[in-house]
Structure formats: C-alpha cells, structure tokens
Protein chains: 2
Amino acid sequence: MAARGAAQNKGPATAQAHQSHNHRECIDDALTRAREICAARDVQLTPLREKVLQIVWRSHKPVGAYDVLDELARSHKSARPPTVYRALDFLMGEGLIHKIESLNAYLGCTEAGAPHSGQFLICRQCGATEEIVDPKLEAALDQAAKRVHFSAEHKVVEISGLCARCAA
Amino acid sequence: MAARGAAQNKGPATAQAHQSHNHRECIDDALTRAREICAARDVQLTPLREKVLQIVWRSHKPVGAYDVLDELARSHKSARPPTVYRALDFLMGEGLIHKIESLNAYLGCTEAGAPHSGQFLICRQCGATEEIVDPKLEAALDQAAKRVHFSAEHKVVEISGLCARCAA
DNA sequence: ACACGGGCTGTTATCTTGTAACATTGCGCC
DNA sequence: GGCGCAATGTTACAAGATAACAGCCCGTGT
C-alpha cells in the first residue's frame with residue numbers, strides 16, 4: 001500500500017472519476033444532502049464529522065482511514081485514530097459513506113438517504129470507484145440467498161477491473 | 001475481534017457448517033483434490049502449504065491468518081507471519097482457498113479447479129460460510145459491469161446475515 | 001564434481017488498519 | 001447547581017499484512 005499521506009493511486013488529487021466534472025459540486029451536493037438527512041433524523045452532523053465527510057468526498061477514490069487522519073490533522077491537531085474511526089462509523093451508520101472491504105477504504109455514498117449496501121465498480125488503474133444501483137443485480141442477490149433460506153442483512157458487492165477510460 | 005488464538009465464533013472447532021456432516025470427508029476430499037490440481041499444473045503443494053490448507057479446512061468458518069499461524073506453530077515452530085501469508089497467497093493463486101474480504105479471513109474453496117471469484121453467504125451468528133455458485137447472479141454482475149463499459153476482473157460478493165439454522 | 005539458478009522457507013523488523021478503555025468537555029434538563 | 005448524556009480527547013495496544021534479506025535444497029549444464 002502507498003505511504004501514509006500519499007494518494008493511493010495516480011491521478012490528480014481532485015480525482016475526476018468518471019469523466020471530467022465539477023467536483024466542487026459533488027462535494028457541495030453531498031454535504032448539503034448530509035445536513036438535510038441528519039437534520040431530518042435529528043442526529044448531529046458535528047463540524048468534526050462534516051470535515052471527515054468532506055475529506056472522504058475529496059475524490060471519487062476510496063480513501064483509507066489513516067489518509068483521512070493525515071488530512072484531518074492539518075486542521076485538527078488533536079486528531080487520533082479513534083477520532084477518525086468514530087466519525088467514519090457515524091457516517092456509515094447514517095449511510096453517508098460506504099466501506100470498500102476489498103481496499104479497507106471509505107467512499108462517499110452517492111445514494112445517501114435510503115439504506116442500502118451498495119455495489120461498486122473499482123478501477124485498479126485509476127482508483128476511481130463508482131457506486132451503481134442495479135435492481136436486477138439486487139434481485140439476483142436476494143434470490144441466491146433465498147434459495148438456501150439464508151436471511152440476508154448486508155451485501156458486499158465489489159467488482160474490480162478497468163473502467164471505460166482506463167481500458168481505452 | 002477475538003483475541004489471537006481464540007476461535008472467531010462460537011461453536012465447536014470442528015464446525016459443522018450447514019448441517020451435521022462428516023467433516024473429515026470434507027477435508028480429505030479437499031486435500032485430495034488439491035493434490036490432483038497441483039500435480040496437473042506442475043506446481044508444488046509442499047508439506048507446509050498442505051498443512052496450511054488443512055488448517056483452513058478445519059471448519060467451514062473463515063479463519064484469520066493469525067489463527068492459522070497459531071495452529072501452524074504447534075507443529076512448526078519456525079512459523080511466522082510471512083510463512084502463513086506466503087502459503088495463503090499460493091493457495092489463493094491456485095484457487096484452493098478464498099479470502100473473505102469483509103472478515104479479513106480465509107476459507108477453503110469448494111469449487112477448486114475452475115478459476116472463479118466466489119460468492120459467499122456468511123452467517124453472523126455461527127460463522128458458517130457457504131460458497132455458492134449462481135449463474136444468474138454471475139450474469140447479473142457481468143451485465144452490471146458491461147452496462148457502463150467496465151471491464152470486470154475480480155468480483156467480491158459476500159452476503160452476511162443468518163443461515164437457515166440460526167434464523168430458526 | 002561443481003558452479004549456477006530458481007523456488008521455497010527462515011528471520012527480523014516494520015508498516016497499516018482498527019479498538020479498548022478511561023478521561024474530559026459541553027450542554028440540556030430538572 | 002448538579003445530573004446525565006453525547007461527543008471528543010488521550011493513551012495504549014491488538015490485529016492484519018508486507019519488506020527485505022539470508023539460507024537451503026535440488027536440478028541442470030559443463
């Protein structure tokens with residue numbers, strides 16, 4: 001794995017995941033949405049938690065907890081691992097971010113609000129990771145579990161390979 | 001997580017995963033199959049690697065690398081983390097075991113021989129983990145990737161919840 | 001016989017990821 | 001004012017994984 005503080009993958013830190021886009025808008029939208037959701041649920045999106053959410057949203061690449069920590073520490077000297085993990089746990093609990101299990105890293109959720117497990121396409125080249133919502137895939141997962149009378153609670157679906165840009 | 005050396009989940013160490021079965025046969029079958037596969041590919045299933053495979057197969061529960069190490073060390077005093085990880089890497093490379101990403105643990109492959117990513121049902125109660133092969137699910141995954149022109153290489157599918165026995 | 005080379009294992013040290021446990025702060029409420 | 005709770009601070013450590021180099025064994029070519 002990359003050294004602490006270094007980007008996990010090549011490409012600009014402002015990572016333009018799918019195609020060029022105004023990533024500032026992505027972040028703003030995500031933060032606005034998060035504030036709305038937390039207000040509606042009457043849970044506290046504290047400045048610390050919001051800052052962590054912002055850091056996770058810096059790119060469309062999953063970011064490691066210790067990378068978040070390094071970044072957070074720039075503005076928040078008392079930051080320690082538990083600081084970050086608590087914030088990440090909160091954000092996951094509210095469905096605002098996802099953990100990418102195969103990378104031990106975290107990614108902003110593009111479908112925040114509705115509780116869901118998430119399905120991901122992870123480019124091994126550029127690191128960009130896209131969350132997809134595919135009802136057929138969802139149905140196939142449910143069917144597979146049902147077939148053996150397994151009561152599904154959480155589903156991890158992470159497909160790694162090459163994104164359209166990198167394959168070209 | 002459980003202390004090193006302790007079982008990750010309750011239940012007997014001889015873990016009878018799905019229903020009661022003669023687990024000795026499972027192990028024997030897996031080892032025999034592994035020997036055949038390695039012989040056919042002209043790669044070396046050394047005593048060390050075979051021992052690690054055997055340990056992973058002790059139950060139908062995913063086993064952590066350090067649990068493997070503890071067990072291995074009983075008969076192999078020089079065992080160290082690299083010893084275990086090298087063996088696990090070899091076994092994964094040959095498709096004889098899988099890594100369960102959401103648990104950072106390893107599980108014997110019941111479909112050894114054909115290269116595949118594996119799809120798993122993980123019981124959070126008893127820990128028993130079943131590998132399933134579901135062509136429809138496989139197709140749904142491929143479709144989902146194809147839809148956005150993503151070139152899939154490795155697929156992680158891990159569904160956690162309650163197995164039929166534990167749900168009852 | 002012997003040098004070489006590759007594959008496997010030994011060995012030490014370290015890095016990365018994640019938690020336990022207890023202390024402190026701030027704020028609403030009675 | 002004191003209580004209780006949620007959030008954060010702080011110290012220490014557990015758990016998972018790898019880097020880097022050393023040594024061994026065995027087959028091959030000369």
Side-chain angles (χ1 to χ4, degrees), chain A residues 1-9 38-39 41-53 55-56 62-73 75-94 96-107, chain B residues 1-9 38-39 41-53 55-56 62-73 75-94 96-107:
Chain A
M1 179 150 295
R4 284 190 190 175
Q8 305 191 93
N9 290 286
C38 290
R41 291 178 189 166
D42 203 27
V43 295
Q44 300 183 56
L45 186 63
T46 63
L48 181 61
R49 289 166 175 173
E50 187 169 321
K51 180 73 183 170
V52 168
L53 180 58
I55 291 170
V56 170
V63 54
Y66 280 74
D67 287 341
V68 172
L69 176 55
D70 287 343
E71 188 60 33
L72 180 62
S75 64
H76 194 99
K77 293 197 180 168
S78 71
R80 296 284 180 276
T83 317
V84 169
Y85 282 104
R86 283 169 186 152
L88 292 174
D89 285 347
F90 170 84
L91 295 170
M92 280 195 286
E94 299 303 325
L96 300 173
I97 63 173
H98 292 287
K99 179 172 186 182
I100 306 299
E101 297 288 353
S102 57
L103 297 176
N104 293 321
Y106 304 82
L107 183 69
Chain B
M1 177 149 298
R4 284 190 186 174
Q8 305 190 92
N9 289 286
C38 290
R41 292 180 189 165
D42 203 26
V43 296
Q44 300 183 54
L45 185 62
T46 64
L48 180 63
R49 290 166 174 174
E50 187 168 322
K51 179 72 184 170
V52 168
L53 180 58
I55 291 171
V56 171
V63 54
Y66 279 76
D67 287 343
V68 172
L69 176 55
D70 287 344
E71 188 59 33
L72 181 62
S75 64
H76 195 99
K77 293 195 181 169
S78 71
R80 297 282 180 277
T83 317
V84 169
Y85 282 103
R86 283 168 187 156
L88 292 174
D89 285 347
F90 170 84
L91 295 170
M92 280 195 287
E94 299 303 325
L96 300 172
I97 64 173
H98 292 287
K99 179 173 187 182
I100 306 299
E101 298 288 353
S102 57
L103 297 176
N104 294 320
Y106 304 82
L107 183 69

> For E101(B), what residues pass the side chain to side chain donor-acceptor pair (under 3.5 Å) criterion, not counting sequence neighbours?
Replying inline: none

>> Nearest whole Å is fine: how far is dT16(C) C1' from L103(A) CG?
In response: 14 Å

> To the nearest angstrom, how far is D89(B) atom CG from dG16(D) atom C1'?
Replying inline: 13 Å

> What's the shortest heavy-atom distance between G64(A) and A105(A), and which atoms?
Replying inline: N-CB, 4.0 Å

> Taking the nucleotide of DNA chain C with the closest heavy atom to each, which residue, A65(A) or F90(B), is nearer the 5' end?
Replying inline: F90(B)

>> What is the separation between atom OH on Y85(A) and atom P on dA21(C), rounded to the nearest whole Å?
In response: 18 Å

>> Does a side-chain N or O of Q44(A) approach OP1 or OP2 of dA7(D) to a distance below 4.0 Å, or not?
In response: yes

>> For a side-chain contact (heavy atoms from CB on, under 4.5 Å) check, start with the C-alpha distance between F90(A) and L45(A), then their side-chain angles and the critical distance, and finish with the verdict.
In response: CA-CA 9 Å; F90(A) 170 84; L45(A) 186 63; 4.2 Å; yes

>> Could you go through K99(B) and N104(B), starting from their C-alpha distance and side-chain angles, then the distance that decides it, and tell me whether this counts as side-chain contact (heavy atoms from CB on, under 4.5 Å)?
In response: CA-CA 7 Å; K99(B) 179 173 187 182; N104(B) 294 320; 4.1 Å; yes

> Which residues pass the side chain to side chain contact (heavy atoms under 4.5 Å, CB included) test with E71(B), sequence neighbours left out?
Replying inline: I55(B), R58(B), R74(B)

> Among pairs that include at least one residue of residues 81-94 of chain A, which meet side-chain hydrogen bond (donor to acceptor under 3.5 Å, both in side chains), considering only residues two or more places apart or in two chains?
Replying inline: R41(A)-E94(A)

> For nucleotides 24-30 of chain C, read 5' to 3', which letter fits each nucleotide if B means a protein heavy atom sits under 4.0 Å from the base, S means only the sugar-phosphate is that close, and - means neither?
Replying inline: -------

>> Tell me the closest heavy-atom pair linking I97(A) and L53(A), and the distance in Å.
In response: CG2-CD1, 3.7 Å

>> Please report the distance, rounded to the nearest Å, between CG in D70(A) and C1' in dT17(C).
In response: 13 Å

> Does OP1 or OP2 of dA17(D) have a side-chain N or O of Y106(B) closer than 4.0 Å?
Replying inline: yes

> L69(B) CG to dA17(D) P: how many Å, rounded?
Replying inline: 12 Å

> Can you name the side chain to side chain contact (heavy atoms under 4.5 Å, CB included) partners of T46(A), sequence neighbours left out?
Replying inline: Q44(A), L48(A), R49(A)

> Which letter, B, S or -, goes with each nucleotide of nucleotides 9-14 of chain C from 5' to 3', with contact meaning a protein heavy atom under 4.0 Å?
Replying inline: BBBB--

> What heavy-atom pair brings V84(A) and A65(A) nearest, and what distance separates the two atoms?
Replying inline: CG1-O, 3.6 Å

> How long is the line joining CG of D67(A) and C1' of dG18(C), in whole Å?
Replying inline: 15 Å

> Can you tell me if the side-chain N/O atoms of N104(A) get under 4.0 Å from OP1 or OP2 in dG18(C)?
Replying inline: yes

> To the nearest angstrom, how far is L45(A) atom CG from dA6(D) atom C1'?
Replying inline: 15 Å

> Are any of K99(A)'s side-chain N or O atoms less than 4.0 Å away from OP1 or OP2 of dG18(C)?
Replying inline: yes

